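Because only heavy atoms are used, hydrogens play no part in the values below, and waters and symmetry mates are left out as well, while side chains stay in. None of these values were measured; they are calculated from a predicted model. Proteins get letters first, then strands, A, B, ... in listed order; numbering begins at 1 in each.
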There are 2 protein chains.
Amino acid sequence: MASSSATARRARPGSTDSPSGAKRDAILRAAIDVFAERGYFNAQVADVARAAGVAAGTVYLYFHNKDHLLVSIFERSMRDGLAESRATVAELRDPRERLRRLARGHLARLGNDRNLAIVFQVELRQSTKFMERFSATLLRDYLGLIRAAIADGQQDGTFRTDIKATVAAKMLFGALDEMATNWILSARRYSLEADADAVVDLFVNGARAR
Amino acid sequence: MASSSATARRARPGSTDSPSGAKRDAILRAAIDVFAERGYFNAQVADVARAAGVAAGTVYLYFHNKDHLLVSIFERSMRDGLAESRATVAELRDPRERLRRLARGHLARLGNDRNLAIVFQVELRQSTKFMERFSATLLRDYLGLIRAAIADGQQDGTFRTDIKATVAAKMLFGALDEMATNWILSARRYSLEADADAVVDLFVNGARAR
DNA sequence: GGCTAATGAATGAACATTCATTCACCCATG
DNA sequence: CATGGGTGAATGAATGTTCATTCATTAGCC
């Protein structure tokens, strides 16, 4: 009943996933910037449209509604980030090195696009609805990569076996997340990626003097 | 010019800080529950009023506006939490033990009031406006306590001196924060406070096998 | 009876979404 | 090669709803 030609609404250019979608990209980029600037709930769809150089109604040719804009930003970035992370991990054997590269990648991605980082660290965490969606993918797949590296390290004797890989993974992720949030809120413009090594070092070696 | 009797609006019972404020407390408690349930932006002031058992207008006798409700929740909990943390820390000498008790206190406070935890971990992080306010106090004073414990530990030889206390403090905080967020989003009802020791142990000793 | 707290209906502004209309382009035809 | 009409993308003004906030009125108390 859904897509028979009887109900045929006018074909929409890229509601789901068009191949090129230059205009769709422009709207998405504008949404990242406007949401980062004003905050999701305070941003008006008309603002996004203006920033993208299109009319308000045009946004609805590419996205179902305002929510869908936020979700699309999330899914796109997530997809890209995870793919990159998987590729990075695939070619490394040493668990410590894997964690280091995952951390660098994570912070580099956010550090290279401040507005995207704001959307991820702040705007996306509004309401448990988004959080749960966020959590169901990022914290499953991405945390999974970290956990796997740690578990491998436990296998090969690099890491302690008396800690739970799951808890350790959450910890490392939390530490990175906090670095990103701090970076956003800080007036200083330091390199976020540079924090990665310090975090992984502390995670691996601990704070205790030896 | 602000508070001269010329401008004297009708005295409001507890706009800022009334001594007893039983009704104010009821409204604040209702706000925590309603915001946790529906999310700040989707919650209506009328919902809060209903949950508190008062009329919509009454909310405005105690709070300037909807924002002020969120800010008040934050400031009250913050004040209490910081006071408790300071008291805890004051009577302990060992840096490791201080960190452990700070962590336990942090997670216990959130673990004892799930709705408050939701407001803190999710709702309060909406828009950089709140985040900055959040950051300016929590991340200054609270992180300060953690940093001081770490710095003391560096002085007395407990902790490595080749790490920056500031970065380490952010890391530990981030790890705890992540535990709290995970706990909220998890369907399982485990004890959040129990995570504290694992986190501090990992922070102090690191993941590396020894 | 005078005072303040509390009420809740009414107000009005803000804004997501719709949709009738315009515009730009393509190509079949003479 | 010029024309025109068909197609669907794009527009943006209009709509309707959703609340935060106000305030004239009432209730309770000393």
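The distance between atom CZ of Phe41(A) and atom P of dC15(C), rounded to the nearest whole Å, is 13 Å. For the pair Asn65(B) CG and dC19(D) P, the interatomic distance rounds to 17 Å; values are reported in whole Å. Residue Arg50(B) contributes atom CZ, which lies 12 Å from atom P of dC19(D) at whole-angstrom precision. Following rounding to the nearest Å, Leu61(B) (CG) and dG8(C) (P) show an atom-to-atom distance of 13 Å. Nucleotide dA13(C) holds its P atom 19 Å from the CG atom of Asn42(A), rounded to whole Å. Taking atom CG on Asp47(A) and atom P on dA14(C), their separation rounds to 13 Å, with Å as the unit. We find that CG of Leu69(A) is positioned 15 Å from C1' of dC15(C), with the value rounded to whole Å. Atom CZ in Phe63(B) sits about 18 Å away from atom C1' in dT22(D), given to the nearest Å.
Using bins of under 30°, 30° to 60° and over 60° for the plane-to-plane angle, the ring pair Phe203(A)/Phe159(A) lands in the perpendicular bin.
Here Ala43(A) lies in heavy-atom contact (under 4.0 Å) with sugar-phosphate atoms only.
Here the side chain of Val45(A) is nearest to one of dT17(C), dA10(D), dT21(D), namely dT17(C). You'll find that the side chain of Ala55(B) is closest to dT7(C), out of dT7(C), dA6(C), dA10(D).
Contact between the side-chain N/O atoms of Lys23(B) and the OP1/OP2 oxygens of dA6(C) is found at a separation under 4.0 Å. Residue Tyr60(B) has no polar side-chain atom (N or O) positioned under 4.0 Å from OP1 or OP2 of dA6(C).
One finds no salt bridge joining Arg79(A) and Asp141(A) here, because no Lys/Arg side-chain nitrogen approaches an Asp/Glu carboxylate oxygen to under 4.0 Å.
The CG atom of Leu92(B) sits 5.0 Å away from the CZ atom of Arg101(B) when rounded to the nearest 0.5 Å.
Remark: Lys66(B) qualifies as a cation-pi partner of Tyr40(B) under the 6.0 Å distance and 45° angle criteria applied to the six-membered ring.
For Val119(B) against Ala36(B), the heavy-atom pair with the smallest separation is CG2-N, 4.1 Å.
Nearest-nucleotide assignment on DNA chain C puts the 5′-proximal partner with Gln44(A), out of Gln44(A) and Gly57(A). Between Gly53(B) and Tyr40(A), the residue anchored closer to the 5' end of DNA chain C is Gly53(B), taking for each the nucleotide with the nearest heavy atom.
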